[in-house]
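Notes follow once the structure below has been shown.
Counting starts at 1 for both ligands and their atoms, in listed order. All residue numbers refer to positions in the sequence shown, counting from 1. Values in this document were obtained by computation on a predicted structure and should not be read as measured data.
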Amino acid sequence: MFKSGFAAIIGKPNVGKSTLLNLLIGEKIAIVSHKPQATRKSVRGILSGEDYQIIFMDTPGIHKSSKKLNEVIIRYINEALDDFDVAIVITDNKGESDEIIEEYLNKIKQKNKKSILIINKIDLMDRNRIEKIKNKFKEFADFDKIIEISLTGDANAKEKILNAILDLLEEGPAYYDKDIISTETERFIISEIIREKIMNLTAQELPYHAAVVVDQMKYRDEKDMYYIKANIIVERKTHKMIIIGKNGSLIKEIGKQARMDIEHFIDKKVFLELWVKIRENWTKKEGAIKELINPRY
Ligand SMILES: Nc1nc2c(ncn2[C@@H]2O[C@H](COP(=O)(O)OP(=O)(O)OP(=O)(O)O)[C@@H](O)[C@H]2O)c(=O)[nH]1
Ligand SMILES: [Mg+2]
């Protein structure tokens, strides 16, 4: 029997949703950061096996905010919850459930679909803490499966989670060609790789004022390499100065780390050119936000 279905991955910021997507797909297609609110739109990853195909939807972290940028980001979570077969709810060591997550658990419940609770980062918790979190979540939903795990520390994490999902999926067709691992464009994933380096190499607030758009991507036959030009968009001159760094040292490091990941991703040599541009108050304008966090490539 061939099984298939859509699995929505949801949870608060920083719990490990994108880590899970990358682990399941076996490729880095989603941005991962120690800073919260890394993911800004739903990102699809497709896993095809001999007798199954699962379409995963990584989503932005659930949180409340009155900021325009976050308001737009949160809408992407609801879109992913429009249509799914299995909800994968993730929590971490910080995570007793609370009002905002309960609202989403209720939404899932109403849909009458399957659900899995993943209690992640057990490497950072003792037994008491794990039980406390589990009981709190159980108050608000009847999960079909509960998995306690460390996504970064358990070599069998992928297998355990995949088996749990396959157990809950029903018979269905393959929706995509089995060689496709994401419906995102190469350009989008490349822009996210660059944004990940910005998130991880700059201090507290800056990443929340930055977006990345790939402007050009050309294959150069004679050199057998890709030439990629990307714009880093920030809100103010001070942001631009931070990104560039002393004598250009920071943008150089961002470029170096991003290039290595991009080369691994597209399996070709890359020449990466980065430009920093200022677009005042882009995080406050809906049009600009949509254009910059989900560009039409
Ligand atoms: N200690 C520990 N850290 C983990 C584990 N799993 C993930 N992390 C770390 O948690 C951080 C957040 O991971 P992400 O995958 O970016 O989390 P996310 O839920 O996608 O976050 P947002 O996109 O911001 O909502 C990263 O630094 C991961 O390396 C784990 O099992 N143990
Ligand atoms: Mg994420």
For [atom], closest protein heavy-atom neighbour:
atom: atom 17 (O) of ligand 1; result: Gly16 N, 3.1 Å
atom: atom 21 (O) of ligand 1; result: Asn14 N, 2.9 Å
atom: atom 23 (O) of ligand 1; result: Thr39 OG1, 2.7 Å
atom: atom 6 (N) of ligand 1; result: Asn120 ND2, 3.2 Å
atom: atom 29 (O) of ligand 1; result: Val32 CG1, 4.1 Å
atom: atom 30 (C) of ligand 1; result: Thr152 OG1, 3.0 Å
atom: atom 15 (O) of ligand 1; result: Thr19 OG1, 2.6 Å

N/O/S atom of Thr39 inside 2.8 Å of the Mg ion (ligand 2), strictly under: yes

Does any N, O or S atom in Ser18 come within less than 2.8 Å of the Mg ion (ligand 2)? yes

Under 4.0 Å from a heavy atom of [X]: give me the atoms of ligand 1 that qualify, with their elements.
X: Pro36; result: 24 (O)
X: Leu124; result: 1 (N)
X: Lys17; result: 15 (O), 17 (O), 18 (P), 19 (O), 20 (O), 21 (O), 22 (P), 25 (O)
X: Gly61; result: 25 (O)
X: Asp123; result: 1 (N), 2 (C), 30 (C), 31 (O), 32 (N)
X: His34; result: 27 (O)
X: Ser150; result: 30 (C), 31 (O), 32 (N)
X: Ser33; result: 11 (C), 12 (C), 13 (O), 16 (O), 26 (C), 27 (O)

Among Gln37, Lys121, Lys12, which residue places a heavy atom closest to atom 4 (C) of ligand 1? Lys121

Cation-pi geometry met for Lys113 and Phe84 (6.0 Å, 45°): yes

Stacked cation flag Lys41 on Phe188, 6.0 angstrom / 45 deg: yes

Look at the side chain of Asp154 and the backbone N and O of Ser150, then say whether any donor-acceptor pair between them is shorter than 3.5 Å. no

Treating Asp126 as the side-chain partner and Arg129 as the backbone partner, does any N or O pair qualify as donor plus acceptor under 3.5 Å? yes

Sub-4.5 Å side-chain heavy-atom contact between [X] and [Y]:
X: Met125; Y: Ile119; result: yes
X: Phe140; Y: Asn106; result: no
X: Val86; Y: Ile116; result: yes
X: Lys290; Y: Arg75; result: yes

Do any N/O atoms on Leu151 end up under 3.5 angstrom from N/O atoms on ligand 1? yes

Polar atom proximity, Val15 to ligand 1 (N or O, under 3.5 Å): yes

Any luck finding a side-chain donor-acceptor pair between Lys218 and Gln216 under 3.5 Å? yes

Donor-acceptor side-chain pairing of Glu280 and Trp282 below 3.5 angstrom: no

Centroid-centroid distance, Tyr219 to Tyr226, less than 6.0 Å: yes

Can Glu131 and Arg127 be said to form a salt bridge (charged side-chain N to carboxylate O under 4.0 Å, His left out), step by step? CA-CA 6 Å; Glu131 288 304 322; Arg127 195 70 241 161; 2.7 Å; yes

